[in-house]
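Here the structure is laid out as structure tokens; the discussion comes afterwards.
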Amino acid sequence: MQSLLLPVAFALASALSNATATVLQRQEALKVPGSSGLRPGLMLDLLRRPLWLAGIAAVLVAGVCQALALNTGPLAIVQPLFVLELPLALIIASTVMHRGLPRAGWAAVGLVVVGLGVALAALSPAGNRTQVPLDRWVPALAFCGGAIVVLSAVALRRPVGRTRAALLGTATAISYALTAALMKSATHIFEDEGAAAFFTSWEVYAFAVTGGTALFLLENALQAGPLVASQPALTLGDATLSLLFGVTLYEEHVRTGWWLLPELLGLALITFGVFTLARIPLAKSLVAADKTSGAAPPQSGQTMP
């Protein structure tokens with residue numbers, strides 16, 4: 001148990017930094033012009049906004065903490081802890097915006113925390129393999145790359161709204177999970193073989209590409225529809241796929257058999273809590289366009305819960 005304290009601490013620090021970035025970036029993303037397509041110019045518009053850049057700084061801190069967490073602990077432990085990003089983001093937003101969470105919000109935060117604790121305690125992930133053979137990476141990369149392309153293509157054929165946001169949120173989740181899996185391998189290359197091997201390994205450039213893809217998809221998902229559609233897909237998809245990568249790529253072990261019952265209970269609590277949090281007014285305010293501040297209004301066909 002003591003060996004897990006360090007990766008858990010780093011993962012929680014990363015989740016807190018990402019939550020801070022979420023509050024900054026989600027508000028700034030809605031102050032730039034929207035689009036019916038995936039707009040490359042969106043990133044250029046955001047780069048001109050200081051608060052969005054502050055959010056990027058928080059993302060970088062989160063990335064360092066995440067790398068340290070992945071280097072010291074199992075993927076199946078580290079990534080599911082990022083489920084806490086949404087509760088943390090709302091707590092930070094309630095402080096920054098001077099708006100308290102309602103009782104239902106605090107109850108939902110409790111459900112997410114308890115559900116995560118129950119699920120991880122039942123799963124009891126173990127093992128910390130440091131490298132993955134190329135013959136295991138190839139099908140994982142092919143599956144994830146194909147899924148991201150298909151989800152994005154289908155999303156572009158849908159009007160702005162819940163379905164489009166959910167599809168882009170799912171594509172973002174796949175990108176984040178794959179980035180974490182690649183990052184874990186890269187950090188061990190740096191630790192075991194040094195900087196020269198690190199900068200010449202394909203994993204480093206692969207996780208840079210997938211991480212950039214995840215950021216691009218996330219910013220477009222934020223403009224595609226309500227939080228209640230994109231956030232559950234992002235939160236639950238990242239945790240679930242990371243758990244799968246931990247087992248299939250890094251040979252991490254989780255408990256099965258009757259342990260599936262408390263694992264499913266934990267998942268149900270997390271799911272209910274995340275959907276509840278995504279529906280509260282404070283969460284909506286992070287993605288609702290503010291017409292008085294020059295934000296772009298919702299595009300044609302966009303619906304808000």
Side-chain angles (χ1 to χ4, degrees), residues 15 18 21-22 25-26 29-30 32 34-43 46 55-56 59 62-63 66 75 79-80 82-83 85-86 89 137-184 203 205-246 248-249 270-271 274-275 278 283 286-287 298-299 301-303:
N18 269 332
T22 295
Q25 290 179 300
R26 282 186 174 164
L30 287 157
V32 298
S35 172
S36 60
L38 296 179
R39 186 168 67 88
L42 172 63
M43 302 304 295
L46 291 170
I56 289 296
V59 169
Q66 181 183 18
L75 184 66
Q79 285 304 109
F82 287 91
V83 165
E85 280 185 24
L86 178 59
W137 277 122
V138 170
L141 291 170
F143 169 78
C144 291
I148 292 169
V149 170
V150 170
L151 287 167
S152 299
V154 174
L156 287 175
R157 298 176 65 87
R158 302 290 298 179
V160 174
R162 292 173 182 265
T163 301
R164 182 172 181 148
L167 290 168
L168 290 176
T170 303
T172 304
I174 296 171
S175 299
Y176 273 132
L178 184 58
T179 299
L182 289 163
M183 183 185 293
K184 181 176 178 63
E203 290 94 335
Y205 302 98
F207 88 68
V209 170
T210 56
T213 300
L215 178 61
F216 175 68
L217 289 171
L218 174 61
E219 297 299 344
N220 281 276
L222 296 180
Q223 291 195 332
L227 183 67
V228 72
S230 60
Q231 187 64 50
L234 174 58
T235 300
L236 300 175
D238 184 6
T240 303
L241 192 55
S242 293
L243 179 63
L244 180 62
F245 282 156
T248 58
L249 295 178
I270 293 171
T271 302
V274 168
F275 271 96
L286 291 179
V287 295
Q299 300 296 306
Q302 180 173 354
T303 57

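Under the 4.5 Å side-chain criterion, counting only non-hydrogen atoms from C-beta, Ser152 is not in contact with Phe216. Residues Leu218 and Leu234 have side chains in contact (heavy-atom distance under 4.5 Å, counting atoms from C-beta outward). In this structure the side chain of Leu241 reaches within 4.5 angstrom of the side chain of Leu244, judged on heavy atoms. The side-chain heavy atoms of Gln79 and Asp238, taken from C-beta on, include a pair separated by under 4.5 Å. Leu75 has its side chain out of reach of Leu249: every pair of non-hydrogen atoms, C-beta onward, lies at least 4.5 Å apart. With a 4.5 Å cut-off on side-chain heavy atoms, Leu215 and Val59 do not count as touching. Inter-residue side-chain proximity for Glu203 and Trp137 is flagged as met; some heavy-atom pair is nearer than 4.5 Å.
Here the CG atom belonging to Leu217 is positioned 9.5 Å from the CG atom belonging to Leu151, to the nearest 0.5 angstrom.
For Phe143, the CZ atom is loosely surrounded, since the number of other residues' heavy atoms within 6.0 Å does not exceed 12.
The two residues Ser175 and Ala214 come nearest to each other via the heavy atoms CB-CB, 3.5 Å. Contact between Ala21 and Gly55 at its shortest, heavy atoms only, is CB-O, 3.3 Å. Considering every non-hydrogen atom in both Arg164 and Arg158, the closest pair reads NH1-O, 3.1 Å. In plain terms, the two heavy atoms of Ala173 and Ala233 that are nearest each other are CB-O, 3.7 Å. The two residues Thr235 and Val274 come nearest to each other via the heavy atoms CG2-CG2, 4.2 Å. Among all heavy-atom pairs drawn from Thr179 and Gly211, the shortest one is OG1-N, 3.2 Å.
Formation of a donor-acceptor pair under 3.5 Å by the Thr210 side chain with backbone atoms of Phe207 is found in this model.
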